[in-house]
K.L.:
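My structure is below; once you've seen it, I'll send some questions.
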Amino acid sequence: MPTVMPIYGTRPEAIKMAPIVIALQESADFDCVVTVTGQHREMLDQVNDLFGIVPDHDLNILQQRQSLSAIMTRTIDGLDKLFTESKPDAVIVQGDTTTSTAAAIAAFYHGIPVVHVEAGLRSGDLMSPFPEEANRKITSQITSLHLAPTSTSKANLLAEGIDGANIVITGNTVIDALLTTVDKHVPFSDPQLEMLANSGRRILLVTTHRRENQGDAMRGMGRALARIADSEPDLAIVLPAHRNPVVREAVLPAIEGKDNVIVTEPLSYGEFTRMLSLSHVVLTDSGGVQEEAPSLGKPVLVMRENTERPEAVDAGTVALIGTDEERIFKEVYRLLHDQEHYDSMANAVNPYGDGLAASRTVAAIAQLLGVGRRTAEFEYSASF
Ligand code: UD1
Ligand code: UDP
């Protein structure tokens, strides 16, 4: 039986890898050995706990205010030792974090085939998102099996000369994770959130963490949120703060002490998806949230200049608004006060998946390793 090794290190990788790990563990065709790098700690463990995943190996690399080079070298070093002791038949990496690229490089150096989940996303700007756009492109060069979430991401890979025979469109496993979690009505551990959930108040849900937004842009976001809080006393702003101290130091000072702003620790995935479904508007620079919120029909304002996820922008549910303070304020104001505009964005669309991405992923890996056949690819239909 072939051994496959999912390797991941951060919250979004864990969320998107969990449905694959569960499907591999349920399959009689594979031995699944889970390795985490620990690039994130609390935010990673939270997800593994929720999905009942106990890693077989943990490199435990996290350092406070870690540098990109430290994540890269500590991951490669840890995996080098692991692969020297025993080699899996394939590794699975997800997305565009430094964990995923470092793991792909370490596997490539050991001659282990790399399966890349969420392959082919491109913003077209090497510096944004930084370093993720570079990470994705590097990983694509050393990948054996490219699992593209959408036809757009497949087209990006073909345009870069990747052989179409090695690309499978699976949909994004984040939709599998979302659909199995969102209806569970997980109770909020913070009593303020449980009260808010029962109050019927409109909620603006905010997340931010992107490296290229740290500094001036994030301070501007904090000021924009403070202005929104002051001008909309009936609105509740919920900000689950990323654990990164650099993010907290930039965003939180402007909003501290505001009655209608609730700053929390990172919410468990169950709590976060429930909060997403309760929200009126979502303001974020996250990749995963851009994929989940459209499924729930929530208008999403993305605080970035570009996106590698154009599908929901094309569908009208996501708008790119950049990071200018005044623009953030005006775009939120417009969604709160212009009902026609709100209704035009609040359409539930699922361009990223149908909840079956993990089973397509496992079937594609089975074909790669000679123990099964690929299944039909994901096709987006506006009527899903
Ligand atoms: C990382 C990924 C980014 C992804 C994001 C998801 C890279 C380069 N960046 O960025 O692509 O979108 O995760 O959130 O791979 N920290 C903790 N505990 C945690 C997590 C973080 O204390 O559980 C703190 C540490 O001080 C750490 C800092 O946050 O040094 C930054 O973490 P890091 O993984 O380097 O960057 P992210 O911004 O989280
Ligand atoms: N998320 C979560 N708790 C939170 C905030 C976000 O579980 O408090 C989830 C969210 O549903 C999404 C993922 O984390 O699936 C996004 O992670 P993040 O924004 O950190 O990374 P990105 O997607 O931008 O790489």
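Note that ligands are numbered from 1 as they come in the structure, with each ligand's atoms numbered from 1 the same way.
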K.L.:
Is it the case that N347 and T317 place a side-chain donor and acceptor less than 3.5 Å from each other?
P.N.:
no
K.L.:
Would R211 and F130 count as a cation-pi pair here, with the cationic atom under 6.0 angstrom from the ring centre and within 45° of the axis?
P.N.:
no
K.L.:
H57 pairs by side-chain contact (heavy atoms from CB on, under 4.5 Å) with which of I7, T37, L79, T35?
P.N.:
T35
K.L.:
Can you list the residues that meet the side chain to side chain donor-acceptor pair (under 3.5 Å) rule with H337, with sequence neighbours excluded?
P.N.:
E232
K.L.:
Below 30° counts as parallel, above 60° as perpendicular, anything between as tilted: where do the rings of H110 and F83 land?
P.N.:
perpendicular
K.L.:
Indicate whether any N or O donor in one side chain lies under 3.5 Å from an N or O acceptor in the other, for N48 and Y8.
P.N.:
yes
K.L.:
Protein N/O near ligand 1 N/O, under 3.5 Å, which pairs?
P.N.:
residue  : atom   : partner : partner atom : Å
ligand 1 : 11 (O) : E132    : OE2          : 2.4
ligand 1 : 12 (O) : R210    : NH2          : 3.2
ligand 1 : 13 (O) : H40     : NE2          : 3.2
ligand 1 : 14 (O) : H242    : NE2          : 3.2
ligand 1 : 15 (O) : Q39     : NE2          : 2.9
ligand 1 : 15 (O) : T98     : N            : 2.8
ligand 1 : 18 (N) : E42     : OE1          : 2.7
ligand 1 : 22 (O) : Q64     : NE2          : 3.2
ligand 1 : 23 (O) : R41     : N            : 3.0
ligand 1 : 23 (O) : E42     : N            : 3.2
ligand 1 : 23 (O) : E42     : OE1          : 3.0
ligand 1 : 23 (O) : M43     : N            : 3.1
ligand 1 : 26 (O) : Q64     : OE1          : 2.5
ligand 1 : 26 (O) : R65     : N            : 3.1
ligand 1 : 30 (O) : Q63     : O            : 2.8
ligand 1 : 30 (O) : R65     : N            : 2.9
ligand 1 : 30 (O) : Q66     : N            : 2.9
ligand 1 : 34 (O) : Q39     : NE2          : 2.9
ligand 1 : 34 (O) : H40     : NE2          : 3.3
ligand 1 : 34 (O) : Q66     : NE2          : 3.2
ligand 1 : 35 (O) : Q66     : NE2          : 3.0
ligand 1 : 35 (O) : R211    : NH2          : 2.9
ligand 1 : 39 (O) : H40     : NE2          : 2.7
ligand 1 : 39 (O) : H242    : NE2          : 3.0

K.L.:
Note down each nitrogen or oxygen pair, ligand 2 side and protein side, whose separation is under 3.5 Å; give only atom names and the distance to 0.1 Å.
P.N.:
residue  : atom   : partner : partner atom : Å
ligand 2 : 3 (N)  : R11     : NH1          : 3.4
ligand 2 : 3 (N)  : L267    : O            : 2.8
ligand 2 : 8 (O)  : L267    : N            : 2.8
ligand 2 : 11 (O) : E292    : OE1          : 2.7
ligand 2 : 11 (O) : E292    : OE2          : 3.2
ligand 2 : 14 (O) : R11     : NE           : 3.2
ligand 2 : 15 (O) : E292    : OE1          : 3.4
ligand 2 : 15 (O) : E292    : OE2          : 2.5
ligand 2 : 19 (O) : H209    : NE2          : 3.4
ligand 2 : 19 (O) : S286    : OG           : 2.7
ligand 2 : 20 (O) : R11     : NE           : 3.4
ligand 2 : 20 (O) : R11     : NH2          : 2.8
ligand 2 : 21 (O) : H209    : NE2          : 3.4
ligand 2 : 23 (O) : S286    : OG           : 3.4
ligand 2 : 23 (O) : G287    : N            : 3.4
ligand 2 : 23 (O) : G288    : N            : 2.7
ligand 2 : 24 (O) : H209    : NE2          : 2.9
ligand 2 : 24 (O) : R210    : NH1          : 3.2
ligand 2 : 24 (O) : S286    : OG           : 3.4
ligand 2 : 24 (O) : G287    : N            : 2.7

K.L.:
Can you see whether S100 engages Q94 through a side-chain donor-acceptor pair at a distance of less than 3.5 angstrom?
P.N.:
no
K.L.:
Less than 3.5 Å apart, which donor and acceptor atoms pair up between the side chains of residues 245-255 and the rest of the protein, not counting sequence neighbours?
P.N.:
residue : atom : partner : partner atom : Å
R248    : NE   : H242    : O            : 2.7
R248    : NH1  : E265    : OE2          : 3.2
R248    : NH2  : A241    : O            : 3.1
R248    : NH2  : H242    : O            : 3.4
R248    : NH2  : E265    : OE1          : 3.1
E249    : OE2  : R65     : NH2          : 2.6

K.L.:
Is the closest side-chain donor-acceptor distance between T264 and D190 under 3.5 Å?
P.N.:
no
